[in-house]
Amino acid sequence: MNGLTPDERRERLEALAPDLLAELEAEDEEDERTLPDLPNADGYDEIRMRAAPNPNGPWHLGHGRMPAVIGTYKELYDGWMLCRFDDTDPETKRPDLDAYDAILEDVEYLGFEPDEVVRASDRLETYYDHARELIGMGGAYTCSCSGEAFSELKNAGKPCPHRDKDPETTLREFEAMVDGEYGAGEMVLRVRTDIEHKNPALRDWVAFRVVDTPHPREEAAAYRCWPMLDFQSGIDDHLTGITHIIRGIDLQDSAKRQRFVYDYFGWEYPEVLHWGKIQVDEYDVKLSTSTIARLIEEGELDGWDDPRAPTLASVRRRGIRGAAVTDAMVDLGLSTSDVDLAMSSVYANNRELVDDEANRYFLVRDGVEKAVVGGPEAGEPPLHPDHEERGRRRIPVGGAVRVEAEDVPPNGKRVWLKGFGCVRHTRDAFEYAGDDIDAVREEGVDVIHWVPADGAVPVTMRTPDGDVTGRAEPDFAETEVDEVVQFERVGFARVDAHGEDGSVVYFAHR
RNA sequence: GCUCCGGUAGUGUAGUCCGGCCAAUCAUAUUGCCCUCUCGAGGCAAUGACCGGGGUUCAAAUCCCCGCCGGAGCACCA
């Protein structure tokens, strides 16, 4: 039984005990679900969720959790997913025009496709209309207090002088905000909540403010009066029929704030779930859009897909499948406490996905040259140990080979050049010592990888720990760009480019 | 200062709502062995956790209280 592949075992089991098999598979399904059931899922005809990124830069690894979890729920419940760009801050978190598409590509990379994509900056008139309505109901007032002055009053639970302004005045002043008659900081629109609410975070929060800096999107560049996240997102969630919101604990109070608006409108608030902060091990670079952007700016990193950058673009370039990232994210579950994502779990997922298809090649990092005396003209290791049918590579020896320095055996000792045969290290050369595999099986001779001294392909391997140079066997030149290969005893890598003076690969993991 | 959350092995997670079948699940990690012409894959095994203290109970990871630790909000950021 041990010699069988999983598929063969499955067949055998199906023949012998179909009931048992069904039971096992049911358990498997069960095990894969680390995500908790969505609250009150039965209360809705369709589960509708949204990923609401701020397109102020390309995504780092942590952002992947949003589409991974939301997309997985969408699949689990056969639901609907919106990607809404919450790009309502043209200044502090200024949108990056390239990020919109980059983010959508990342979502696709992770294995999901939004059913609809919208940009908040296209929807300003909608927010204005709702603001007018809210003002009409007495739910908001324009306020010209300075941030500090208001904060002081608010913390004391005291209303500011503008709080009892009548709706007509408020509406007039709000229209003036919209018409650009105020400069930044001169006037805001506040939601009238409960100025004595025991949680100071909920008291009369700002719904709209004036921003002098034009929005980078041409379509939105004329607007000066911008909604704050809690207003915009609250309105949009209702208007797009969102049933379940999943967001970070940094937005823990958002629902509580937005409920005041929902109450004014008589709307039902969606179900809300939160997750905590995510950190990723194995990187020197902080998981932060601004930090990564700065390092790129300073030239410390080559770009968002630099292998040292903890970004989705980077792991993608390294040949890591989106599904490996998605699965690792889903395995983190929905915990409101901080979590550390171990990259090793992403790697383990990915290894499982690519091992079977990745053909094997030799890459010798730097290394030393040794003349080879005797033996065949070439070594012929298989392209894949589990797939003889894929054929073999041909590695001509040409009189000398290059091996990694630490693989050179002590003088007089033997080593097995994989796919070629056994050699003995004598007087600074490798002397052919036969092709009896018992040397490896019975006598404990180590098997190592090697390349010919002449005709090997120079390779730059970019890794999260910096660049590594080496030489790959001649056949490596035949690989396709984008192909994921395994350099035996080194690790998996994605072929990035084949050039005149060599190839570039991106290292994935061992 | 005010207001919310949360704390199970190195990491993540199941179990907590409805106490017992939990001397605590699974994955990853690490180590060892088997297998293999790779340090990959596969197989086997080992390592390793209920934040602390009280209480309730025949019985507590699970319920209650008090601590401790960690996180978040109180922005004209998202």
Side-chain angles (χ1 to χ4, degrees), chain A residues 1-6 30-34 36 52-56 86-89 91-94 120 143 145-147 150-151 154-155 157 184-190 197-203 205-211 226 228-230 232-233 247-254 256-257 274 276-277 279 281 289 327-333 335-349 351-352 354-356 358 360 362 379 381-382 384-386 416-422 435 437 439-441 445-449 486-492 509-510:
Chain A
M1 204 68 189
N2 283 346
L4 301 179
T5 67
E30 198 85 3
D31 285 348
E32 278 166 30
R33 274 188 159 196
T34 45
N54 178 344
N56 66 333
D86 284 352
D87 55 348
T88 54
D89 181 0
E91 200 168 87
T92 320
K93 290 203 169 159
R94 188 170 175 79
C143 167
C145 291
S146 72
F150 185 84
S151 175
K154 179 206 69 185
N155 287 333
E186 289 175 8
M187 189 67 81
V188 298
L189 182 74
R190 290 186 185 281
H197 197 285
K198 65 172 182 168
N199 184 348
L202 311 188
R203 298 171 188 164
W205 45 274
V206 173
F208 285 83
R209 86 295 206 183
V210 174
V211 181
W226 286 92
M228 301 291 288
L229 173 81
D230 282 320
Q232 172 265 120
S233 147
R247 57 181 159 215
I249 40 163
D250 49 331
L251 266 23
Q252 257 175 139
D253 291 333
S254 268
K256 293 171 191 160
R257 277 198 275 256
H274 294 101
K277 202 168 59 187
Q279 298 184 93
D281 67 359
T289 305
D327 290 349
M329 291 294 177
V330 168
D331 283 344
L332 294 180
S335 155
T336 56
S337 42
D338 290 2
V339 291
D340 278 352
L341 172 66
M343 282 307 288
S344 62
S345 73
V346 174
Y347 298 156
N349 290 342
R351 200 175 289 123
E352 200 174 321
V354 301
D355 182 62
D356 193 65
R360 270 54 172 171
F362 290 156
H384 191 114
D386 305 332
W416 185 281
L417 299 182
K418 185 166 180 173
F420 173 76
C422 201
D435 65 349
I437 194 62
V440 172
R441 289 190 180 151
V445 171
D446 288 335
V447 176
I448 66 165
H449 58 288
Q486 189 209 50
F487 289 124
E488 298 197 61
R489 307 211 304 141
V490 175
F492 293 89
H509 48 74
R510 293 194 69 145

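Letters A, B, ... mirror the listed sequences (proteins, then strands); counts begin at 1.
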Next item on the list: Just call it for A/Arg351: base, sugar-phosphate, or nothing, with non-hydrogen atoms closer than 4.0 Å on any strand.
Entry: sugar-phosphate
*asked:* For a quick check of understanding: with a heavy-atom distance under 4.0 Å over all strands, which category does A/Ser233 fall into, base, sugar-phosphate or nothing?
replied: nothing
Look at all strands and tell whether A/Asp86 reaches a base, only sugar-phosphate, or nothing, counting heavy atoms closer than 4.0 Å. sugar-phosphate
| message | In whole Å, measure the gap between the P atoms of B/rC2 and B/rA29 for me. | response | 46 Å
Ignoring backbone atoms, test whether A/Arg209 places a side-chain nitrogen or oxygen under 4.0 Å from the OP1 or OP2 oxygen of B/rC77. yes
Exercise. Hey, does A/Leu229 reach any base, or is it just sugar-phosphate, or nothing, if we go heavy atoms under 4.0 Å?
Worked result: base
Regarding B/rG40, can its base be found pairing with the side chain of A/Asp386 as donor and acceptor, where the two atoms are less than 3.5 Å apart? yes
At 4.0 Å (heavy atoms only), tell me whether A/Asn54 reaches a base, stays on the sugar-phosphate, or touches nothing. sugar-phosphate
So CG of A/Leu229 and CG of A/Asn54: to nearest 0.5 Å the spacing works out to 9.0 Å
Among B/rA78, B/rG40, B/rU11, the one nearest any side-chain atom of A/Asp340 is B/rU11
| Distance-only donor-acceptor test (3.5 Å): side chain A/Lys418, base B/rC37 | no
Heavy-atom nearest nucleotide on RNA chain B taken for A/Ala184 and for A/Arg441; more 5' hit belongs to A/Arg441
*asked:* What's A/Leu332 touching, base or sugar-phosphate or nothing? Going by heavy atoms closer than 4.0 Å.
replied: sugar-phosphate
Separation between CZ (A/Phe362) and CD (A/Glu488), nearest 0.5 Å, reads 4.5 Å
Rounded to whole Å, the CZ-C1' distance (A/Phe208 to B/rA78) equals 16 Å
Describe the nucleic acid contact of A/Lys93 in one word from base, sugar-phosphate, nothing, applying a heavy-atom distance below 4.0 Å. base
When all nucleic acid strands are considered with a 4.0 Å heavy-atom cut-off, which category describes A/Cys422: base, sugar-phosphate, or nothing? nothing
salt_bridge(A/Asp446, A/Lys418) N-O dist < 4.0 Å: no
Regarding the side chain of A/Pro200, the nearest nucleotide among B/rG71, B/rG73, B/rA78 is B/rG73
- prompt: Which part of the nucleic acid, if any, lies within contact of A/Met228, taking any heavy atom under 4.0 Å across all strands shown: a base, the sugar-phosphate backbone alone, or nothing?
  reply: sugar-phosphate
Counting the atoms with a prime plus P, OP1 and OP2 as sugar-phosphate, which does A/Pro382 contact under 4.0 Å by heavy atoms, base, sugar-phosphate, or nothing?
nothing
Tell me whether the OP1 or OP2 atom of B/rA29 has a side-chain N or O from A/Ser345 closer than 4.0 Å.
no
Discussion item. Looking at B/rC77, I'd like to know if its phosphate oxygens (OP1 or OP2) sit under 4.0 Å from a side-chain N or O belonging to A/Thr88.
Written reply: no
Worksheet item: How is A/Gly185 classified with respect to the nucleic acid when contacts are heavy atoms under 4.0 Å: base, sugar-phosphate, or nothing?
Response: base
Any side-chain N or O of A/Lys256 under 4.0 Å from OP1/OP2 of B/rU3?
no
Here the distance between atom P of B/rA27 and atom CG of A/Asp331, to the nearest Å, is 11 Å
B/rC4, OP1 or OP2 - any side-chain N/O from A/Lys198 closer than 4.0 Å?
yes
What nucleic acid atoms does A/Phe492 come within less than 4.0 Å of, heavy atoms only: base, sugar-phosphate, or nothing?
sugar-phosphate
Winner on side-chain proximity to A/Asp89, out of B/rU38, B/rC77, B/rC76, is B/rC77
Of the candidates B/rG73, B/rU38, B/rC37, the side chain of A/Glu488 sits closest to B/rU38
Base-paired stretches in RNA chain B with three or more consecutive Watson-Crick or G-U pairs, both distances under 3.5 Å, amount to B:1-7 with B:68-74, B:10-12 with B:26-28, B:29-34 with B:42-47, B:51-55 with B:63-67
Among B/rC76, B/rG40, B/rA29, the one nearest any side-chain atom of A/Ser344 is B/rA29
Taking B/rG7, B/rU11, B/rC77 as options, the one with an atom nearest any side-chain atom of A/Ser337 is B/rG7
Looking across every strand, which nucleic acid part, if any, lies under 4.0 Å from A/Leu251 by heavy atom: base, sugar-phosphate, or nothing? base
- When all nucleic acid strands are considered with a 4.0 Å heavy-atom cut-off, which category describes A/Val188: base, sugar-phosphate, or nothing? base
